[in-house]
Amino acid sequence: MDRLRSVLFKIAFYGLSVPIVLLAPVMALFGQRVFRRWVLFWTQYHAWCSRNLAGIRVRVEGAPLATPALYASKHQSFLETFELVRMLGAPTVVMRHEFARIPVWGWAARRYGIIIIDRSGAASALRQMMREAKAAGAAGRSVILFPEGTRSAMGETPPVQAGLAGLYRAVGLPVVPVALDSARVWPKHGPMRPGVVTFRFGEAIPAGLKREEIESRVFRAINAKNLV
């Protein structure tokens, strides 16, 4: 049954996602507001497919800030990449440079206003990332970052990547850590399973802290014991 749910989800979600992405350049021509609504439509469709086809429901503990923030989230599945964008009303997202190179999608992502992170360590790439981060903060737009850099399985607690501290300094915004347990229903390997995913928005961490403190506080918060 779980495999059937997974198949139905993939057929429905990815089937409509192809034309949504292909139409993105057209929607972008109408301006940022229309384009972001198009992105939100995509995230809402993902939520519908997750709930009605895969049987995955979402529970939220705490709440996002009413003002812009840097959201540092645990990353366990594909689910949160869409859910957080939906919950936060189309914020900018930190994305690995490999995704930005995908034809059409990469162009659309840049038009949306993503922040490219290049883990090659090149100085020019780092400067570009900082410029994009500062622009997002200056525009009063929230930012989503997955500070572990990749998906983790239940119980795994990989270290926070160095990019967190750099973005934290660049955007000049408080950090809201987000703990979640999406791997319970959407594991790295195997079919999706019905169930409830909890998103916990933690207490905001103020701007201006030193690197060691911000990394330590975010690490502890996104790995809350009852969610990993």
Side-chain angles (χ1 to χ4, degrees), residues 1-24 27 36-65 71-96 99 102 105 108-109 112 114 142-158 176-202 221-228:
M1 186 63 179
D2 289 346
R3 292 191 180 279
L4 177 59
R5 287 178 179 271
S6 293
V7 170
L8 289 175
F9 171 88
K10 290 176 180 178
I11 291 173
F13 177 69
Y14 292 110
L16 187 57
S17 290
V18 171
I20 287 175
V21 172
L22 291 177
L23 282 172
M27 304 307 295
R36 290 176 189 174
R37 286 179 180 173
W38 185 248
V39 171
L40 286 175
F41 163 72
W42 192 21
T43 65
Q44 290 159 1
Y45 179 63
H46 174 270
W48 185 92
C49 290
S50 298
R51 182 176 60 254
N52 294 286
L53 300 179
I56 297 173
R57 291 173 290 126
V58 170
R59 178 175 61 202
V60 177
E61 296 181 356
L65 295 183
Y71 290 86
S73 175
K74 186 75 177 176
H75 191 17
Q76 293 185 336
S77 77
F78 189 64
L79 179 77
E80 54 268 15
T81 60
F82 276 80
E83 277 297 304
L84 286 172
V85 171
R86 183 182 67 83
M87 291 178 189
L88 300 175
T92 191
V93 181
V94 178
M95 180 182 297
R96 296 205 309 268
F99 294 115
I102 300 173
W105 160 250
Y112 172 77
I114 63 166
S142 289
V143 178
I144 297 173
L145 168 70
F146 298 105
E148 295 169 332
T150 187
R151 290 184 301 165
S152 59
M154 291 299 301
E156 291 182 349
T157 57
V176 177
V178 183
L180 50 85
D181 56 355
S182 59
R184 295 184 188 279
V185 300
W186 199 331
K188 293 178 69 174
H189 306 289
M192 302 164 68
R193 298 188 290 265
V196 178
V197 175
T198 300
F199 285 76
R200 174 183 292 170
F201 290 90
I222 67 176
N223 289 296
K225 289 184 178 180
N226 65 325
L227 291 180
V228 297

Which heavy atom of Ala153 sits nearest a heavy atom of Gln76, and at what distance?
-> O-NE2, 4.1 Å
Ser77 side, atom OG; Met154 side, atom CE - distance, nearest 0.5 Å | 11.0 Å
Spatial distance of atom CD (Glu61) from atom CZ (Phe199) [nearest 0.5 Å] | 11.5 Å
Nearest non-hydrogen partners of Pro147 and Leu145, listed with the distance = CD-O, 3.2 Å
Heavy atoms only: give me the nearest Tyr71-Leu65 pair and the separation to one decimal.
-> OH-N, 3.0 Å
Contacts of type ring-ring contact (aromatic ring centres under 6.0 Å, His included), residue Tyr45, not counting sequence neighbours | none
Backbone N/O of Thr157 and side chain of Ser152: donor-acceptor pair under 3.5 Å | no
Contacts table for residues 52-59: side-chain donor-acceptor under 3.5 angstrom, sequence neighbours left out:
unit_1 : atom_1 : unit_2 : atom_2 : d
Asn52  : ND2    : Trp48  : O      : 3.0
Arg59  : NE     : Thr198 : OG1    : 3.1
Arg59  : NH2    : Thr198 : OG1    : 2.7

When His75, Glu80, Arg151 are each screened for side chain to side chain donor-acceptor pair (under 3.5 Å) with Ser182, the one that passes is Glu80
Do the side chains of Phe13 and His46 get nearer than 4.5 Å, heavy atoms only?
-> yes
Quick one: CD1 on Ile222 to CZ on Phe146, what's the gap to the nearest 0.5 Å?
-> 10.5 Å
What pairs with Ser142 under side chain to side chain donor-acceptor pair (under 3.5 Å), at least two apart in sequence or on another chain?
-> none
CZ on Phe201 to CG on Leu180, rounded to 0.5 Å | 9.5 Å
Any residue meeting side chain to side chain donor-acceptor pair (under 3.5 Å) with Trp38, in chain and number order, not counting sequence neighbours = none
Show your reasoning for whether side-chain contact (heavy atoms from CB on, under 4.5 Å) applies to Val143 and Val93.
-> CA-CA 6 Å; Val143 178; Val93 181; over 6 Å; no
Quick one: pull up CG in Asn223 and NZ in Lys74 and give me the separation to the nearest 0.5 Å.
-> 3.5 Å
Atom pair CE (Met27) and CH2 (Trp42), whose distance is rounded to the nearest 0.5 Å = 14.0 Å
With sequence neighbours excluded, tell me which residues meet side-chain contact (heavy atoms from CB on, under 4.5 Å) with Pro187.
-> Arg193
Would you list the atom pairs, donor with acceptor, under 3.5 Å between side chains in residues 82-91 and any protein atom, with sequence neighbours excluded?
unit_1 : atom_1 : unit_2 : atom_2 : d
Glu83  : OE1    : Arg86  : NE     : 3.4
Glu83  : OE1    : Arg86  : NH2    : 2.6
Glu83  : OE2    : Arg86  : NE     : 3.3

